[in-house]
Number of protein chains: 2
Amino acid sequence: MNLRDLRYLLAVAEHEHIGRAAEACGISQPTLSVQLRKLEEALGVTLFERSSKAVTPTAACGLLIDHARAAVAEVDAILAVARSLQDPLAGRFRLGIIPTLAPYLLPLVFAPLRDALPALEIEPWEEQTEVLLKRLRGHELDAALLATDVDGPDLTSRPLFAEPFLAALPPEHPLVGRAVVAEAELASDILVLADGHCLRDQALEACGRHGALGSTLRVASLSTLLNMVAAGYGTTLVPGLAAGAAQDAGIVLRPLACQARRTVRLVWRASFPRRAALQAVGTVISGRLRGFAEGAASGIV
Amino acid sequence: MNLRDLRYLLAVAEHEHIGRAAEACGISQPTLSVQLRKLEEALGVTLFERSSKAVTPTAACGLLIDHARAAVAEVDAILAVARSLQDPLAGRFRLGIIPTLAPYLLPLVFAPLRDALPALEIEPWEEQTEVLLKRLRGHELDAALLATDVDGPDLTSRPLFAEPFLAALPPEHPLVGRAVVAEAELASDILVLADGHCLRDQALEACGRHGALGSTLRVASLSTLLNMVAAGYGTTLVPGLAAGAAQDAGIVLRPLACQARRTVRLVWRASFPRRAALQAVGTVISGRLRGFAEGAASGIV
DNA sequence: GGACCCGATAGGCATTGCCTATCACGACAG
DNA sequence: CTGTCGTGATAGGCAATGCCTATCGGGTCC
């Protein structure tokens, strides 16, 4: 049995006239005659009593027609919901963001995203890289903003902007007198975040170290780390977007000689179907951050 | 969109594996692949995210799938109801019967009908011929038992049995001494039913009259008429099936010379679809009344 | 009796649904 | 690192289906 047949059935039951029902269905009278008879044969039930005067629903038809109406209504509901879902730029969009990026990037891009994509309900989700990748692969996230390269053919990424690192020094630090600091000069007293933060590895790599000082120290957030530096416990590398927060904490920032930086990428499953949403989100963010790298690298924030 | 497609959708959503879903649907994997993609294109919505590892329902799919399930359930309900309705010998069967026949025929045939057609719920409906015909044409009845010929190409009939008339005489009537009474001999003092009863016309015609005695008399039921005759107010013709009731009322019955009779017919709309039910009902009734005409005509009841 | 209305039937054409065979691609093992 | 396996996508061909126009048949109404 076909869904079309049910619509035909409803039309005939409503009009009690095959010609007019056919017209209402947009088909010819003979077609409706044939299809109706086929439906009756398929069901094994005579649905209408035909005479030259009238086409009258049988008792059996009366018992079936409510179900037919309900089925057609459900299918129409499917079509209606599908239509409202057609816009890939609408609906929930679960976006993972790493913790060293979220507090500083989100305030910058949230309003532009809302303005450019008013129907897209972006739900930020803040966790460390590995957790985000797991959730991404598990369909718990639609995309993620990461600062690392991603591997595997199941994921695709798009670079959005480069985020330069800056040397973060306590006000009393000897290097404060320098206009530019070489990355390696920080190696001796650098403080880094706890394991799992990509910023930890990036900072250590930039200054040429492979193990961290104060390995007993488990600093879970960049804001804690900044306060530690401000209090004189050591130095660190801060990502450019956190420059304002660092200065607010009383930290002195200096550009780096080799202009160490990390690239922030939008990452998604290669099979994720809402390409338009990915592209739009990526474009809004990179557009908002255009020219940021140059300004930040030179210490102008 | 097709109903089949919804079943495919449900299968893929359940198995999250196109090959196995295809197997469950009894089709090949390529067919399911193609149909699923067509459905997605028709809805304008990506329903599943495919990777080499898994086929995962999208958020949009989750919103649609409940409607799909409901639609399929409704259609399955249609099929189930249709299956239960397939037997034309089952269900309500509204049978009109004229008043001069119903009280005497129904007790005879009701049990045989119930035994032969246990699933057929026969609902007797007692009214005069013209009313029954109107209801029959208006689909309020499925068939009727009448004692008149029917006209019009919209109705079809089948003779079931012949019902002889008998002369009904008060015990003191002069004709009681005769073994056989000629129809015309009753013309002088015959009593008949009120207008609208076919028996009225049949009785008058049999005895050669064209107007009735006691035209102010409106006797609405045969049982009243029989009591009138028993009380000596006149004679009448009784249909054979009412012979027992007439004798119980104290009436003397005599066979008629010309064996006047009426034919009881089953009548239905030519377009009425439940032919099997008509035939079965007719056959049970005529079988039960087989041989009745001969016995009744000779006064043996 | 002829025109008209209505549903049924016939024949032909384009679309569709399905099949088998094959491809493309990633995973996994030797 | 290469061959094999598993999985979904693609291609080509065939039969069934749905639809059309033209026509029929039966009944009604001037």
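A, B, ... follow the sequence lines: proteins, then strands. Residue 1 opens every chain.
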Modelled atom types, side-chain donor and acceptor of B/E49 and B/T58, under 3.5 Å: no
For A/V75 against B/A71, the heavy-atom pair lying closest together: CG2-CB, 3.9 Å
Closest of D/dT7, D/dG18, C/dT16 to the B/R20 side chain is D/dT7
Rounded to the nearest angstrom, tell me the gap between atom CG in B/L36 and atom C1' in D/dG8. 11 Å
Taking CD in B/E16 as the centre, count heavy atoms belonging to other residues, nucleotides or ligands within less than 6.0 Å. Is the count above 12? yes
Can you check whether B/H17 has a side-chain N or O nearer than 4.0 Å to OP1 or OP2 of D/dG6? no
Among side-chain atoms of A/R262 and A/T100, is any donor-acceptor pair under 3.5 angstrom? yes
Would you indicate, yes or no, if D/dT7 has its OP1 or OP2 atom less than 4.0 angstrom from a side-chain nitrogen or oxygen of B/R50? no
Taking CD in B/E140 as the centre, count heavy atoms belonging to other residues, nucleotides or ligands within less than 6.0 Å. Is the count above 12? yes
Rounded to the Å, how far apart are A/E23 CD and C/dG7 P? 12 Å
Does A/E127, at its CD atom, have more than 12 non-hydrogen atoms belonging to other residues, nucleotides or ligands within less than 6.0 Å? yes
Whole Å only: how far is the CG atom of A/L6 from the P atom of D/dG18? 13 Å
For nucleotides 27-30 of chain D, give me every protein contact, N/O to N/O, under 3.5 Å, one pair per line with atom names.
none

Report the C-alpha distance between A/L289 and A/L105 in whole Å, list the side-chain angles of each, state the deciding distance to 0.1 Å, and finish with yes or no for side chain to side chain contact (heavy atoms under 4.5 Å, CB included). CA-CA 9 Å; A/L289 275 294; A/L105 178 63; 3.7 Å; yes
All N/O pairs under 3.5 Å across the protein-nucleotides 19-25 of chain D interface:
residue, atom, partner, partner atom, Å
D/dC19, OP1, A/Y8, OH, 2.7
D/dC20, OP2, A/S28, N, 2.7
D/dC20, OP2, A/S28, OG, 2.9
D/dC20, OP2, A/T31, OG1, 2.8

How close or far is atom P of D/dG18 from atom CE of B/M1, stated in whole angstroms? 17 Å
Whether A/S33 contacts C/dA8 is assessed here as follows: a side-chain N or O lying under 4.0 Å from the phosphate OP1 or OP2. Is that the case? yes
In whole angstrom, give the distance that lies between atom CG of A/L39 and atom C1' of D/dT17. 15 Å
Separation of atom CD in B/E40 from atom P in D/dA9, rounded to whole Å: 9 Å
Inspect the surroundings of CD in B/Q86 and state if more than 12 heavy atoms from other residues, nucleotides or ligands are less than 6.0 Å away. yes
